[in-house]
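Below, chain A is the first sequence line, B the second, and so on; all start at residue 1.
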Amino acid sequence: MTRTRKPGISRRSTLALMGAGAATFAAPWVARAQAKTIKIGMPTILSGRVAQLGTSSRNAVMLEVEKVNAAGGLAGRQIEMVIRDSKGQPQEAARIARELVNTDGCEMLLDGEASSGSFAVHEVARDLGVLCIHTCSEASSLTADPKQHIPNAFRCVRQGIHDSIVGAGYAAGIAKAKGLKKWATCSPDYAYGRDTTGEFVLYLKKFAPDVEIISESWPKLFQPDYTEVVTKILQAKPQALYSCLWGGDLTSYIDQANIYAMFTQMEVFAVNMADYTALTVVKNLPKGIHSGDRYIKTFPPTPENAAWGDAYKAKYNEYPTNWSWQNATAVMFLNEAVKKANSTDGKKVAEALTGLTIKCPFGADGTVTMRADDHTLVGYAIGWGTTIPQEPYVPDVKAGDWKTIFELEAEWKKSKGYT
Amino acid sequence: MIFVDLDALASCLASPACLVTQTTSGLIIGMLLFLVAVGLTLIFGVLKVVNFSHGAFYMFGAYFAMTAYQLSGSFALAILSGAVGTALLGLIFERAFMSRVYGRDVLMQLLVCYAFVLIFDDVVRMIWGPEFKSMGMPAAFQVPPLFIAGGVVPPYYLLLIGVALVAAVVLGLGLARSRIGKVIRAAAHNPGMVSALGINTGLIYGGVFALGGMLAGLAGALAAPVRSLTPGMGFSVLIESFIVTVIGGMGSILGALIGALLIGLIRSFGSLGFPLFTEGLMYLFMVIVLVSRPTGLFGKEVA
């Protein structure tokens with residue numbers, strides 16, 4: 001006859017349980033660090049007017065995660081993505097980020113929020129100390145401002161200031177060649193529109209000092225009709241127009257400006273035109289709109305980039321977006337950093353990520369770097385070109401020069417008091 | 001930053017070219033707005049409900065038109081499908097749902113309508129997808145703009161203004177002169193008496209709602225070639241339509257026409273003179289009307 005134990009829990013195991021419980025509440029992701037799969041949380045926008053931001057981010061992440069998992073996962077652990085909809089509300093993004101870590105046991109975060117929400121998620125990362133990679137926010141201050149700097153957060157996204165420098169350099173070249181002195185601007189009336197336009201104009205005037213802005217229009221975000229803006233610009237008779245309208249607003253604007261033959265009367269520089277979301281939607285795309293590269297599978301003109309764009313299209317039956325390549329790159333970075341650290345521990349991975357250079361289809365020279373001093377992505381393909389109405393849409397993209405970008409970015413940071 | 005640019009406004013008013021361009025620009029915005037607002041005001045005048053889901057009919061008109069255009073390639077058919085499709089939708093919506101909340105609390109009616117704003121947006125999202133779409137300008141209108149006295153006028157906008165004007169005239173005359181028009185006006189005044197005379201008021205209500213929906217759908221179809229289509233696109237149009245009906249007077253067709261044209265002209269000329277306060281001007285004008293004539297400019301007339 002064997003001796004049976006009394007039912008209930010002994011004092012010793014109670015103490016052990018309490019200890020484990022306390023540890024779980026204090027640092028839940030550490031407690032679960034031994035789990036076989038590794039959960040990565042991702043708050044993003046999956047509904048509303050910019051749902052495409054979230055869906056194309058999610059698609060790209062899943063495409064890359066499948067590859068990593070097929071190759072054995074992160075240090076032998078299969079990745080499990082936990083992706084939630086923040087509906088584009090910053091407070092909801094912060095709540096979800098916290099919940100993903102504390103309740104769902106995610107050990108890392110990919111922050112697929114637009115600029116507004118990314119600052120909220122950044123604060124959560126600061127508070128919890130969890131590794132966090134921002135994948136959609138282009139607001140320069142997120143990493144340029146030293147007050148925002150934390151060792152566990154990174155930004156794997158193109159940046160407003162880089163775009164402005166390259167865009168203005170390109171535009172100034174054309175302005176000088178064609179004698180475009182009178183410029184108009186037309187951008188959406190919110191932080192992104194105002195900042196981006198301001199930076200573009202600043203550098204345009206620096207590169208081409210005799211440029212003059214003779215008309216400004218600030219339509220509301222998501223305004224249905226731009227007729228009065230179009231006719232106002234026509235009255236002002238500028239030689240060139242700059243716009244950072246995007247998505248449906250940009251396509252509406254083009255349709256409405258087209259019937260006034262605006263595109264034959266001035267050179268148009270629309271930084272957000274060369275994105276498949278807009279290019280494939282506009283039915284009567286005018287020839288010769290100057291645009292920055294958002295995502296184009298022909299730039300950088302490498303077989304790797306083209307293959308990636310085609311693989312994405314084959315899987316999801318639509319072309320990737322600017323958000324797609326950024327999110328894919330973030331997963332590539334994680335994969336390489338874990339390999340380098342030989343660990344999935346957040347702190348070690350963060351150390352490995354700092355200053356890491358990886359091979360990447362979206363790199364200007366085939367590689368991209370997570371810059372050590374401000375934890376932000378550099379070396380990605382960035383350039384401007386002109387549109388044609390059919391594929392490849394932007395046949396000849398003029399690449400921006402990273403040396404110039406670095407010089408002017410450093411100056412800009414100094415002028416902002418960031419360094 | 002320029003807050004007030006009266007020079008630009010003055011020099012525009014002095015130049016015929018600018019006057020023509022800005023006036024047509026105001027007319028386009030105004031006439032599309034009129035088509036939406038007049039349906040709203042008609043439904044209120046006869047049915048005594050404020051149809052907060054009216055923007056959805058504008059949205060459906062645009063989507064129906066886009067689909068018909070993609071399938072048939074005919075722009076006329078696209079406009080027709082936009083109008084007829086929303087008329088049918090209006091009839092079904094009125095008979096199945098709105099007819100149950102007549103005479104109820106305003107809050108109840110508002111909640112039903114608001115629920116349908118969300119439901120209709122989701123229906124569009126399910127059928128056509130969440131991303132924005134563009135219908136594209138029909139080839140016949142992909143022509144250089146006309147120059148009238150030096151002002152720029154796109155031919156498509158002439159068509160648009162023409163169609164809206166015809167709709168306004170037919171509607172106005174129809175209500176004032178035709179037999180059906182008289183019955184509708186009688187039903188608006190005293191539905192009990194009209195019913196006692198052996199006229200099916202349910203049919204009239206359904207018909208008026210369908211007519212209102214059709215006008216909004218027509219506006220959506222006409223706007224589809226130049227405005228991007230997204231779920232929820234009816235919302236901002238609805239807000240401006242409310243401003244129009246408040247200015248013109250709830251229930252007045254003439255009021256809706258004048259109100260819509262005023263809003264259109266305020267937008268087109270306001271964007272020159274007050275570039276950062278164009279939207280504010282609209283609301284300011286509404287406040288002035290509300291304070292000086294709370295019933296709206298033509299509030300006495302009942303459709």
Side-chain angles (χ1 to χ4, degrees), chain A residues 45-56 189 194 198 213-237 246-262 264-265 277-278 280-286 318 321, chain B residues 1-2 5 8 11-12 15 17-18 21-22 24-26 28-29 32-33 58 125 129-137 139 141-145 151-157 223-237 240 264 266-272 275-276 278-279:
Chain A
I45 305 171
L46 293 165
S47 59
R49 176 109 178 200
V50 287
Q52 219 167 1
L53 181 150
T55 52
S56 68
D189 192 11
R194 294 256 175 199
I213 304 295
I214 58 164
S215 167
E216 287 176 45
S217 304
W218 301 103
K220 295 268 167 305
L221 188 62
F222 306 152
Q223 181 169 319
D225 202 290
Y226 296 94
T227 306
E228 80 260 18
V229 177
V230 171
T231 53
K232 178 187 160 183
I233 293 167
L234 288 176
Q235 303 298 347
K237 294 196 174 60
W246 53 276
D249 288 2
L250 179 62
T251 59
S252 277
Y253 184 84
I254 287 174
D255 282 337
Q256 289 168 25
N258 229 349
I259 57 174
Y260 279 97
M262 174 185 266
T264 61
Q265 297 173 43
T277 50
T280 53
V281 167
V282 180
K283 293 292 185 303
N284 317 109
L285 185 68
E318 61 181 22
T321 65
Chain B
M1 244 182 265
I2 315 153
D5 194 356
S11 72
C12 180
S15 123
C18 182
T21 310
Q22 293 305 111
T24 46
S25 152
I28 301 144
I29 302 169
L32 279 179
L33 207 51
Y58 168 84
R125 200 166 285 142
E131 64 277 1
F132 58 88
K133 305 264 181 195
S134 163
M135 171 170 148
M137 183 57 65
F141 293 102
Q142 287 182 35
V143 287
V152 200
V153 184
Y156 180 71
Y157 283 175
V226 285
R227 295 183 182 175
S228 66
L229 279 58
T230 88
M233 67 187 278
F235 189 70
S236 56
V237 175
E240 290 196 0
I266 286 177
R267 286 199 84 105
S268 66
F269 285 98
S271 74
L272 291 175
L276 292 175
T278 320
E279 204 102 331

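Most heavy-atom pairs under 4.5 Å with chain A, from the set B:V237, B:L32, B:V152, B:T278: that is B:V152. Here A:T231 is the residue among A:V50, A:T231, A:D249 with the most heavy-atom pairs under 4.5 Å with chain B. The greatest number of non-hydrogen atom pairs below 4.5 Å with chain A, out of B:P130, B:C18, B:S268, is found for B:C18. Comparing B:V143, B:I29, B:L229 by heavy-atom pairs within less than 4.5 Å of chain A, the highest count is held by B:I29. Per-residue counts of heavy-atom pairs under 4.5 Å with chain A were compared for B:M137, B:E131, B:R125, B:K133; the largest is that of B:M137. Listed options B:A17, B:P145, B:G136 were ranked by heavy-atom pairs under 4.5 angstrom with chain A; first place goes to B:P145.
Residue A:Q52 touches chain B through its side chain alone, counting heavy-atom pairs closer than 4.5 Å. In this structure, chain A has no heavy atom under 4.5 Å from any part of B:E240. Contacts of B:P225 with chain A are made by backbone atoms alone, with heavy-atom separations under 4.5 Å and no side-chain atom involved.
A pairwise comparison of heavy atoms in B:S134 and A:K283 identifies O-NZ, 2.6 Å as the closest pair.
B:S236 contributes atom OG, which lies 12.0 Å from atom NZ of A:K220 (distance to the nearest 0.5 angstrom).
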- Task: List the steps, then state whether side-chain hydrogen bond (donor to acceptor under 3.5 Å, both in side chains) holds for A:S56 with A:T321.
- Result: CA-CA 6 Å; A:S56 68; A:T321 65; 2.7 Å; yes
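At least one donor-acceptor pair under 3.5 Å links the side chain of A:N258 to the backbone N or O of A:N284. When atom types are taken as modelled, the side chain of B:S271 and the backbone of A:V229 share no donor-acceptor pair closer than 3.5 angstrom.
Residues satisfying the ring pair (Phe, Tyr, Trp, His ring centres under 6.0 Å) test with A:Y260, not counting sequence neighbours, are B:Y157. Take A:V282 and apply the side chain to side chain contact (heavy atoms under 4.5 Å, CB included) test, not counting sequence neighbours, and it matches A:T251, A:I254, A:D255, A:M273, A:L285.
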